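I have placed the structure first, in the form of structure tokens, so that the comments after it can refer back to it.
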Amino acid sequence: MKLSATDAQVQAVVNEIRARGLTEHVSRGSELVIIGAMGDEDLLDASRFEILPGVERVTRIMKQYKIVSRDTHPAGSVISVRGIPLGGKQIQVIAGPCSVETQPQMADAAAMVAAAGCRMMRGGAFKPRTSPYAFQGLGVQGLDYLQTAARAHNLPVVTELMDVRMLDTFMEYDVDVIQIGARNMQNFDLLKEVGRVNKPIILKRGLSATINEWLMAAEYIAAGGNHNIIFCERGIRTFETAYRNVLDVTAIPVLKRETHLPVIVDPSHAGGKAWMVSALAQAAVAAGADGLLVEMHPNPPEAWCDADQALSAEQLTSLMATLRAIASALGREL
Ligand code: PEP
Ligand code: MN
């Protein structure tokens, strides 16, 4: 309350708290009065208190995200993707092309991803492109190519869902992990729908999303019942134009502290160039990431999408060796 608050104003705040079924705790210092409200704080609207006479400031003590908060699960969650653990001691590298192009391209990519020692495969069938004239992905045909290629090497697949109308198709094709792309991080209807299915979700960080917005987006999914959520930092927009996005390495320890859910990093869309991927991937693992989402292509210069940032099979294999050394220095494994 303000220094000048009267007893009647304090009582009015107390009455407002009680009217919502919560209890108050009034602490009277020599100068200031602080009123605590105890109970389900969702029943309180801070803005209603801010306008009451005598009120100085309203502060939420509890976090708005509950299910995803580490408070509810201090040990950290390990999410199983067809038996492959994400979030534990083992670091997972999910690699594959930006987009699914052809059956041979996917067959080659899957063989290379498996040979490099990665345990999961990515590939976009529905692509969020800046230009409506750019290749939009093969659609359902792409899901088929991705699954056929990956299953031959027993690699679970990760692919992006852009439209709720495709969710049933994703379930039919038994997509192992559904990716929500950066541009859809706050597509709340999409988040609610994937909250109802039992598939793990990779939630990418929005281009300009704060950590709190990102956690709240995950809470949307969790609130629907699906707690298998993996955060993916993929770089954010800043004033810098020298590279595609700025990889927010700081977000990794911050998220690991705030949430019990696994945190992975996409170094490919962060840097936007193949030559940067290795440095960014190493930094991510060193900073505590539980995994990586990396773009590769059997023949990078020929990639239909994001050719500049695709690793070759050789580059992916040598990156894996370096990451293995970093993981082992951290008491983790790859
Ligand atoms: C992707 O991973 O294919 C992609 C489009 O990434 P983002 O949503 O992070 O831009
Ligand atoms: Mn891409």
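Just follow the structure's listing: the first ligand is 1, and inside any ligand the first atom is 1. Numbering of residues begins at 1 and proceeds along the displayed sequence. Predicted model only: the values in this text are computed from it and were never measured.
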Do you see an N/O/S atom of His269, backbone or side chain, under 2.8 Å from the Mn ion (ligand 2)? yes
Practice task
Give me the ring orientation class for His73 and His260: parallel if the planes are under 30° apart, tilted from 30 to 60°, perpendicular past 60°.
Solution key: parallel
Note to self: Less than 4.0 angstrom from a charged side-chain N to a carboxylate O is my criterion; do Asp266 and Lys204 meet it?
What the structure shows: yes
the protein heavy atom lying closest to atom 8 (O) of ligand 1 turns out to be Ala182 N, 2.8 Å
Exercise. Run the salt-bridge test on Asp290 and Lys256 with the 4.0 Å N-O cut-off and return the result as yes or no.
Key: yes
- Message: Determine whether a donor-acceptor pair (N or O, by modelled atom type, separation under 3.5 Å) exists between the side chain of Arg237 and the backbone of Gly206.
- Response: no
Exercise. Do side-chain atoms of Gln141 reach the backbone of Leu138 as a donor and acceptor pair under 3.5 angstrom?
Worked result: no
Given the options Asp163, Thr169, Asp168, Arg165 meets side-chain hydrogen bond (donor to acceptor under 3.5 Å, both in side chains) only with Asp163
So for ligand 1, is Arg234 a polar contact partner (N or O within less than 3.5 Å, distance only)? yes
- Does Gly124 have a heavy atom less than 4.0 Å from any atom of ligand 1? no
Please confirm whether Arg205 approaches ligand 1 to less than 4.0 Å, judged on its heavy atoms. no
Atoms of ligand 1 under 4.0 Å from any heavy atom of Arg183, numbered from 1 in the order shown, are 7 (P), 8 (O), 10 (O)
Next on the checklist: What I want to find out is whether Arg244 reaches Asp306 closely enough, with some N-O distance under 4.0 Å, to be called a salt bridge.
Outcome noted: yes
Under 4.0 Å from one or more heavy atoms of Gly181, ligand 1 contributes atoms 8 (O)
min-distance protein heavy atom vs atom 7 (P) of ligand 1 -> Lys204 NZ, 3.5 Å
Of Arg129, Arg122, Gln179, the residue with the heavy atom nearest atom 3 (O) of ligand 1 is Arg122
- Message: Donor-acceptor check, side chain of Asn226 to backbone of Arg196, threshold 3.5 angstrom: yes or no?
- Response: no
Checking heavy atoms under 4.0 Å, the part of Cys232 that sits near ligand 1 is neither
For Lys127, the ligand 1 atoms with a heavy-atom partner under 4.0 Å come out as 3 (O)
The Mn ion (ligand 2) -> Glu295, closest N, O or S atom is OE2
Glu160 heavy atoms within 4.0 Å reach ligand 1 at atoms 5 (C)
message: Closer than 4.0 angstrom, basic N to acidic O: yes or no for Glu258 and Lys63?
response: yes
The Mn ion (ligand 2) -> Asp306, closest N, O or S atom is OD2
